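What follows is a short report on a single structure.
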Amino acid sequence: MSNEEVGREQEYVSMLYERLDDFRDQASSRLAEALRERPGGRPQAHTERQATAAMYTRQLARFDAAEDGLCFGRLDFHDGETRYVGRLGIFEESDDYAPLLIDWRAPAARPFYLATAASPEGVRRRRHIRTSRRQVFQVDDEVLDLDASAADGHSGHETLTGEARLLAALSAGRTGRMGDIVETIQAEQDRIIRGEHSGVLVVQGGPGTGKTAVALHRAAYLLYTYREQLTKRGVLVIGPNTTFLRYISHVLPALGETSVVLSTVGDLFPGVRAERTEPREAAHIKGSARMVALIEAAVRDRQQVPDEALEIPFEDDVLLLDPATCEAARDRARATRRPHNQARPVFVREVIEALAQQYADRLGADPYAEDPLGENDAPGAGTNLLGDEIIDDIRRELRQDDGVLVALDDLWPVLTPQWLLSDLFADEDLLASAAGAAGFTDGERLLLHRADPHGGRAADGMWTAADAPLLDEAAELLGEDETEALAAAERRRRQRIAYAQGVVDILTRDMDDDPDILMVSDLLDAERLAERHEDDDDRSTAQRAAADRTWAYGHVIVDEAQELSDMAWRMVMRRCPSRSMTLVGDVAQTGDLAGASSWRRVLGPHLGDRWRLERLTVNYRTPVEIMSVAAGVLGAIDPELELPRSVRETGASPWSLAVEPDALAVELAAVAAREVADLRAALGDGPDGGRMAVLVPADLLDDLSRDLEAVLPVATTVGEDPDLESPVAVLTVRQSKGLEFDTVLVVDPDRIIAESPRGLNDLYVALTRATRSLGVLHTNALPPALRHLEPRPAIPELALP
């Protein structure tokens, strides 16, 4: 494209940036005005200023997000109309507010992604504008008028939109962070991104089809289209691990959206961090829907009836709490069908009533009352002479008596989900009782049992990712202790009143004591002022939602959704009662034993047939050479599964290298050093210089990470939360879910397969992480699906980059 065309676009883009700067200055001034303290004024003014400040803060965040790549496209129509497309909408300051730049999510921008030579939608030419910061450095044109393009010697594109721009983005080096695809969205992706927000949409797509990018851009589109609705309720995005969340964390902010909560399943229960690991077999059992019956049984077991009467010292007497009274109280509490903690007051009331009546009978019996049956000779066996007020006093004293409280806590304790499950898994008797009632085998029970290293304290460090859905299920069955919640609410109310009283005192402190002067206290007392500010909350929607287990999100997006267990699905469904969800995944990549073998099986219990399926069929990430290798593994998993069609070739054939087991670390370091050097030669030494992953069996992770780092300092030694900022990352296949790298080395594929009953699925994932090249190092014979790989000779000497 001529320099003249680039210059014309530069003038227009510079004008757009000037307008953006004007908007930023206006928003900054209004934010400062909203934050300025003002004495006095209406009581609700503080809340209004907070809302105004939050609005302008969000505006500034969107302006900052649009700074890089503000305008990236232009549409020229047959009727002479021209539309520029970019990251946000900019309009003229005139009566008609003519658009200068159309937000990529607006309906008017759709032809930029959908128009083809076969179906141009009125578009004559589509121009891709490439910028660096505020500088235009390249423009690429697609002429969609077939007659005109033939006359001009151009060819129209009928399959890929912006093919040159797309392939350039795909060929660029990975940076350890996911980039947005707002400039290169393809037609099949656009259809899903802009799909109806209500209902459950399942997006099935193989490796490299852009499932994650589609899901995130769909979140941005929904927040743009239904902003008022979704900003209040927020959007929840669930990913497979914290590394993945960090990898995608800047995509939505770069698109100008911040009303989003990012979480793993393990961190979805507020206040709990899932940091502990456990065997796959244990996680598989915990993911089964059968755990519902086990937790229900565990709750019932904590609602006890003693085998014999309990002796409870009270005042100068000893009261007897017999099994029949406890059983009747328990039955009445259970009959309410309330959660355990909310049914407890009924149990307590019945027990207190029985004890109060027993004590009152002893204390206030009339020794001279007539005994018509003549059966009681002892004094105190006749009619009770105490009044209702005295018996009420007895009830109050019983509720405060330490001995009574201890007995009540033993028979029907107030439980938190953490206490219930920590006791259950650590106590063999409790676990045996609940597991037996739920039909678990002895082997399954042994897998669930774990000693509590915290001595009965439910510490955060004891939880695994599979425990979070169980905690959520327990929370549903237990409910909150309303007594404590009400008491806490009352304490907060009194604190607000005390603060408000201080405000009123300050406002009236210097006023003359003149009855003719109208004061603040004449119009508004401290209690009413406190009520005005009762709902004030400085936290954002995302912050409030993340801290509230019962929060109902406006939309939920689940990435790698095939990995969720039955119990995890129950927890996720509670987060979105409206069932407005987008689920993206690939059942061929299911690695978790509790994960999905089909969408119908996992969604049927919650949705029946009330969900719709869309498919992504084009592989943008993985080149043809690598997918031809992965195809053999996919066929071994299920011959009926379809391989996505790759759009590019690299000319680099995947290879294999046989090594001796005791030389694995040295050979791996040599190969990794060579691959890093090749990446640097191709992409440079900067932050965009590419990334390489070494994917290893889980039992080799620690040793190979340590050995590789010793000879290749740029490697990343990883734990459960690996870092992708360094050029080389050593990961398990599970840690690599949803990620992509320029080069991938797969170590001992036979051991990866042997690690799990779904080992072939894991190998398929490992083979499809690369965008450029793939190598396989093996100490045993290659699996049948990989035996056609081209052998590569060992590197004679270790060559560090």
Side-chain angles (χ1 to χ4, degrees), residues 5-35 52-76 81-113 126-140 162 165 169 177 179-185 216-217 219-225 227-228 231 249-260 540:
E5 287 291 330
V6 172
R8 277 199 290 265
E9 298 298 3
Q10 179 66 66
E11 291 180 7
Y12 194 87
V13 169
S14 296
M15 179 271 294
L16 293 175
Y17 274 110
E18 290 175 3
R19 296 298 303 276
L20 182 65
D21 289 339
D22 291 341
F23 295 153
R24 184 183 284 112
D25 291 342
Q26 293 172 16
S28 297
S29 298
R30 289 168 182 171
L31 174 62
E33 175 68 15
L35 294 176
T52 302
M55 178 183 69
Y56 287 118
T57 299
R58 289 194 298 269
Q59 281 190 8
L60 286 170
R62 283 196 286 271
F63 297 154
D64 291 341
E67 176 70 28
D68 190 13
L70 173 63
C71 173
F72 53 77
R74 168 179 156 177
L75 293 169
D76 294 332
E81 180 187 3
T82 296
R83 300 177 191 169
Y84 282 87
V85 180
R87 292 179 177 272
L88 52 74
I90 297 178
F91 299 87
E92 286 185 352
E93 289 186 342
S94 60
D95 294 339
D96 58 355
Y97 283 95
L100 300 173
L101 184 67
I102 297 173
D103 191 299
W104 67 274
R105 294 165 289 190
R110 290 207 74 181
F112 186 79
Y113 302 110
R126 172 172 44 221
R127 170 169 289 181
H128 295 266
I129 301 171
R130 301 184 65 182
T131 61
S132 176
R133 299 185 182 274
R134 299 190 172 199
Q135 187 69 35
V136 176
F137 67 88
Q138 184 177 341
V139 294
D140 297 310
R165 181 70 186 94
R177 287 195 169 191
D180 67 60
I181 62 168
V182 64
E183 300 179 37
T184 59
I185 294 171
L216 296 176
H217 287 69
Y221 167 76
L222 293 175
L223 283 164
Y224 170 84
T225 308
R227 184 166 302 281
E228 183 175 354
T231 300
S249 62
H250 73 293
V251 174
L252 284 168
L255 295 173
E257 301 300 346
T258 57
S259 299
V260 177
S540 68

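Predicted model, so just to flag it, every value in this text is computed and none were measured.
Under the 4.0 Å criterion applied to side-chain N and carboxylate O atoms, R227 and E257 are assigned as salt-bridge partners. Of the charged side-chain nitrogens involved, at least one lies within less than 4.0 Å of a carboxylate oxygen, so that R8 and E5 count as a salt-bridged pair. Contact check on E67 versus R24 returns a salt bridge, with a Lys/Arg side-chain nitrogen under 4.0 Å from an Asp/Glu carboxylate oxygen. Between D180 and R87 there is a salt bridge, with a side-chain nitrogen of the basic residue lying less than 4.0 Å from a carboxylate oxygen of the acidic one.
Side-chain contact between V85 and F72 is present, with at least one heavy-atom pair separated by less than 4.5 Å. Using a 4.5 Å cut-off on side-chain heavy atoms (C-beta onward), L255 and H217 make contact. In this structure, W104 and I185 have side chains that are in contact, with non-hydrogen atoms separated by less than 4.5 Å. Side-chain contact between C71 and T131: absent, with no pair of heavy atoms (C-beta onward) separated by less than 4.5 Å.
At a cut-off of 3.5 Å, with distance as the only test, no side-chain donor of Y113 or E183 sits close to an acceptor on the other residue. At a cut-off of 3.5 Å, with distance as the only test, a side-chain donor of Q10 or S14 sits close to an acceptor on the other residue. For R134 and Y17, the side-chain atoms include no donor-acceptor pair closer than 3.5 Å.
A donor-acceptor contact shorter than 3.5 Å is absent between the side chain of R74 and the backbone of I129. Under a 3.5 Å cut-off, the side chain of Y84 and the backbone N or O of L75 do not form any donor-acceptor pair. Side-chain atoms of R130 do not come within 3.5 Å of backbone N or O of F137 as any donor-acceptor pair.
Residues forming a side chain to side chain donor-acceptor pair (under 3.5 Å) with T82 (at least two apart in sequence, or on another chain): D76.
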Worked verdict on R127 versus E9 for salt bridge (charged side-chain N to carboxylate O under 4.0 Å, His left out): CA-CA 10 Å; R127 170 169 289 181; E9 298 298 3; 2.7 Å; yes
